[in-house]
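Computed over heavy atoms, backbone and side chain alike; hydrogens, waters and symmetry mates excluded. To find a chain, count down the sequence lines: A is the first, B the second, and so on, and within it residues start at 1.
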Amino acid sequence: VIAAAGVATAVPSILTAGSATGAAEHKASVRAESPTLSGPPSDDLVAHIRDLGTGEIGLYTGEQEVVFHDQELAARLFNASR
Amino acid sequence: LSSHREAPEISKDQVADSADLYAFISPDNPSTVTIIANYVPLQLPDGGPNFYEFGDDVLYAINVDNTGDGTANISYHFRFTNKITNSKTFLYNTGPITDLNDSTWVRRQYVTVTRIENGKTQTLGTNLPCPPCNIGPLSTPNYASLAAAAIHPLPGGGQVFAGQRADGFYVDLGAIFDLGDLRPFEQDHATFGLTNTGLGAMAAGVNSTAGSNVHSIAIQIPISQLAKSGTAPTNASSPSSVIGVWTTASRQKARVLQASKGTNVESGPWVQVSRLGNPLVNEVIVPMATKDYWNAQSPSGDSQFAPAVLNPELAQLLPVLYPGVFPNLNAYNSAAPKRSDLLAIFLTGIPSGVVAGFQNSMSTTEADMLRLNVAIPPTTSNPSNLGLIGKDAAGFPNGRRVFDDVVTIELRALAGATIPLVDPKFTPDAAASTVTDGLTSGPSDLTADGTESYLPSFPYLGLPHSGFAAAG
């Protein structure tokens, strides 16, 4: 499953769309597992849901790749594509 | 071909397809090494109005290993940008292009060159103009001067050129891939029992690349900037006098097509999609099922491909295709051969003690790189297009010059001509020293059909064939 072209703005809104507690957990999870984005600024962000079961998502921006795990976000994106 | 369209995936991606790689001591400037990486192969010179160019979404690299571990100590990166100067026309040019700033030139390309060494990046040139394609006598009336203006000096010495050139590689592709029917030897071919094929008489080879163009990235670099020691080596017997060279092309991991905008989104890390060190390795040594995988790998991992080098399919086929012509090779093949001669030529370099007075090996690491002993001077008098097997140590597989007949050299090596280097008991078949695809008149012939335009100075490959001249 590949989510792109608009996911850049959708990801933050999804992260903050759930309960306050849940959203905080997602953010913490992302911060804990992902390196900080750096490099040339880019308006484009491509998300690749690699594994719905583990919630593994790859984010491509600029010349970087960030991998994180968020089962709920992966499920939401997948459901949004159906 | 050498590496033109050599793997299934890259054959669908012409701008990222590495076709040939050359590395040699510059004959007219022997304190420098010239490296040429050809891309965008098999161009029809008249292929307008969207004439050929490098990919502005491709990262091209020339990599140099000077320690022998199969990883790059130095890399030169080349990125291209395009500019359209007139949004109202469908034409590549609206009048004669007389210089690189001519307002009539609509679709232009620029190259930015960076050098990466030990994690440090140095920009050598930014947005250096590339020449236009050679369209014809009205559009590019003085093409030689346009091309010359696109040769740019580099800080610290050396020069760079990126643009269209005549393809200097020569091969009888039609014969080789019609089940190995080498025209000079077709009277000996088994023909698979087919009759009335129209074959059966000796004939000269046909150069499949004659008249076609490529896009070349050519860079000339002081030896001292490439050698491990930081100075120009003088001891040809020292492993530290050897460098290994290969070229790669990479694309970003994600691509999203945006039909409404007419532009695409490329994002993420670079993923290697093309690789070339020694000519013909991925083409005729690596099995088709693993060619795409090979293209994505680093030379440092090439031990995984060593079995295909040690017992190459083509060496097994020659005695079958030409019954009775290669009896000694056939017998050698039957004894579970381990072609350590080919392993040295392609993967480790030739160590000292194998060829008298010669070596081009840094280590025993199996890595497909074009190895060049930079302490061996260029051969300026009577060079042999057969390189080392022609007793010319300045030629392939000691690097590769533009005129080296790498197809014949490798055919003869595969046929067993180089086995005695590692197994003196073996006697090569007589045909092993004569087999060829028939495109030169002999070892001293440096002008195979379609390649007569080699230049004596940088960038050495000839001016591209004109589109107007090619039409019709």
> Has the side chain of B/Ser267 got a donor or acceptor atom that lies under 3.5 Å from a matching backbone atom of A/Leu45?
Replying inline: no
> Is B/Arg79 atom CZ crowded by more than 12 heavy atoms from other residues, nucleotides or ligands, each under 6.0 Å away?
Replying inline: yes
> Should the heavy atoms of other residues, nucleotides or ligands under 6.0 Å from NZ of B/Lys228 be counted, would the total exceed 12?
Replying inline: no
> With no hydrogens and no angle check, is any side-chain donor or acceptor of B/Gln252 less than 3.5 Å from a backbone partner on A/Gly62?
Replying inline: yes
>> Can you list everything that forms a ring-ring contact (aromatic ring centres under 6.0 Å, His included) with B/Tyr60? Sequence neighbours excluded, please.
In response: B/Tyr39, B/Phe54, B/Phe80
> Among B/Val256, B/Val265, B/Asn264, which one satisfies side chain to side chain contact (heavy atoms under 4.5 Å, CB included) with A/Asp44?
Replying inline: B/Val265
